[in-house]
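Worksheet for the structure shown next.
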Amino acid sequence: MQTRKTCVAGMAAIVVGGAAWLLWQQGVDKPEAVSTATHAEGESTWRIADAGRAFGLGMAKPAPIARTPDEVRRRLFKEGSFAGTEAAGSWCVTDKKLKPCGELRSRFEYYVLGLGEVTIEEIRGLIQDEAQRANGVQLAGEIMAVWDKYWQVRTYDWRNKFVQSDRATWMPVFEEQRSVRRQVLGAPWAEAFFKDDEKHFQDYYAQLESGQAPPPDPGEPVPQMAPGKDPAAVRAERVARYGEAAADRLAKADEEWAQWEARLGGAQREWERLQKAANLSDAQRKAEIVSYVKSNFSPDEQMRVQALLRI
């Protein structure tokens, strides 16, 4: 079974990658933000977030009635982008006690990837229901208390703003984040969730301040093509790490991904056009976009596209 454990692990690897760690906190952690900044630092993070957040932004619609956990489960796991996946992380329950560990953050982030397909309130209801099924009412209540504090940190309105090109902004952002996490989550959970990230950033920052280039991180994701990056430099780094044959395969994957993004962008524009077509009824608009998707995407892509377009 395909899992999202690797997706969340890949996201975490990018999150802790020096300045990208701060970018995640300053931009991507707001559910309404589509992270173009992180896309430049680590494209795979954008690809993950895209599944939950892209498309449908800016369209004024009446607030829907909140779905039940079973309805949310069906929407994500049967009809949406969670199909064929299983949750990352764990509930951090040992000997019938909730104990601070980083795996709970991974579990929370797995469900957050559903944003865009369902609301954050519905995600919270699903987490509570899943936690209760796995651990009982009392432990589920404790887990949800941690979730509420974690989400407060995730959506915090930071006073210090990160500017990637101005290293003088980095440490004030880091110190504020470190302090707020401990104030909101408490030291045990803040350290369980963020200690490794914080140490990685401090090491990275100290290395830059020393005037020496930081050594390659063996846990860093595959070097990605992104706006502003020199394709020749990315290829050279790939060849140095993996060899010519692997670099060629990665280049082919880049090309296929670019084609996918272009087709997906075309579907978004077509759906936006249809929604503005006053001469069509809602049923006609939906029929038109479903026909468009069937004509431009393979059968195994169609469910994902419809989920992203929120048809």
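Heads up: numbering here begins at 1 and tracks the sequence.
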With a 4.5 Å limit on heavy-atom distance, are the side chains of [X] and [Y] in contact?
X	Y	answer
Val112	Glu109	yes
Leu264	Val305	yes
Arg310	Trp271	no
Asp148	Arg124	yes
Arg285	Arg273	no
Gln177	Glu198	no
Glu117	Glu79	no
Glu86	Phe77	no

List the steps and the verdict of side-chain contact (heavy atoms from CB on, under 4.5 Å) for Val118 and Ile123.
CA-CA 7 Å; Val118 296; Ile123 286 173; 3.5 Å; yes
Distance-only donor-acceptor pairs under 3.5 Å for side chains of residues 132-144, two or more places apart:
residue, atom, partner, partner atom, Å
Arg133, NE, Asp129, OD2, 2.9
Arg133, NH2, Asp70, OD1, 3.1
Asn135, ND2, Ala131, O, 3.1

Checking salt bridge (charged side-chain N to carboxylate O under 4.0 Å, His left out) for the pair Asp248/Lys252: CA distance, chi angles, key distance, verdict?
CA-CA 6 Å; Asp248 288 341; Lys252 183 178 179 181; over 6 Å; no
Test side chain to side chain contact (heavy atoms under 4.5 Å, CB included) applied to Glu122 and Arg75, Glu71, Arg67, the passing residue:
Arg67
Hey, mind stepping through Gln268 and Glu272 against side-chain hydrogen bond (donor to acceptor under 3.5 Å, both in side chains) and telling me if it holds?
CA-CA 6 Å; Gln268 180 202 13; Glu272 289 173 349; 3.1 Å; yes
Start with the C-alpha distance between Thr169 and Lys161, add both sets of side-chain angles, then the distance that settles side-chain contact (heavy atoms from CB on, under 4.5 Å), and finish with yes or no.
CA-CA 7 Å; Thr169 67; Lys161 301 303 178 185; over 6 Å; no
Backbone N or O of [Y] within a donor-acceptor pair of the [X] side chain at under 3.5 Å?
X	Y	value
Arg107	Trp91	no
Ser106	Ala88	no
Asp95	Lys97	no

With sequence neighbours left out, what residues match Phe193 under ring-ring contact (aromatic ring centres under 6.0 Å, His included)?
Tyr150, Trp189
Disulfide (SG to SG under 2.5 Å) contacts in which one or both residues fall within residues 96-132, not counting sequence neighbours
Cys92-Cys101
Please report the shortest heavy-atom distance between [X] and [Y], naming the atom on each side.
X	Y	result
Ser81	Ala307	N-CB, 4.3 Å
Arg73	Leu126	NH2-CD1, 3.6 Å
Gly125	Pro69	O-CG, 3.8 Å

Just grab all the ring-ring contact (aromatic ring centres under 6.0 Å, His included) pairs involving residues 126-147, residues at least two apart or on different chains.
Phe108-Trp147, Trp147-Trp151
Evaluate the criterion side-chain contact (heavy atoms from CB on, under 4.5 Å) for residue pair Leu274 and Glu270; output intermediate values, then yes/no.
CA-CA 6 Å; Leu274 289 169; Glu270 177 63 12; 3.8 Å; yes
Can you give the donor-acceptor pairs under 3.5 Å from side chains of residues 291-301 to other protein atoms, not counting sequence neighbours?
residue, atom, partner, partner atom, Å
Ser295, OG, Ser291, O, 3.0
Asn296, ND2, Tyr292, O, 2.8
Ser298, OG, Asp300, OD1, 2.4
Ser298, OG, Glu301, OE1, 3.2
Glu301, OE1, Arg263, NH1, 3.2
Glu301, OE1, Ser298, N, 3.0
Glu301, OE2, Arg263, NH2, 3.0

Contacts of type side chain to side chain contact (heavy atoms under 4.5 Å, CB included), residue Ser179, not counting sequence neighbours:
Gln183
State plainly whether one hydrophobic cluster holds both Val163 and Val173, where clusters connect Ile, Leu, Val, Met, Phe, Trp and Tyr through side-chain heavy atoms under 4.5 angstrom apart.
no
Does NZ in Lys99 sit with more than 12 non-hydrogen atoms of other residues, nucleotides or ligands closer than 6.0 Å?
yes
Using the six-membered ring wherever Trp is involved, compare the ring planes of Trp170 and Tyr205 and label them parallel, tilted or perpendicular (cut-offs 30° and 60°).
tilted
Do Glu261 and Trp257 pair up side chain to side chain, a donor and an acceptor below 3.5 Å, judged on atom types alone?
yes
Kindly determine whether Glu244 and Arg235 satisfy salt bridge (charged side-chain N to carboxylate O under 4.0 Å, His left out), including the steps that lead there.
CA-CA 9 Å; Glu244 289 281 353; Arg235 176 173 175 79; 2.7 Å; yes
For the pair Arg105 and Asp197, find out whether any cationic side-chain nitrogen is under 4.0 Å from an anionic carboxylate oxygen.
yes
Lys286/Asp282 ion pair, N-O < 4.0 Å:
no
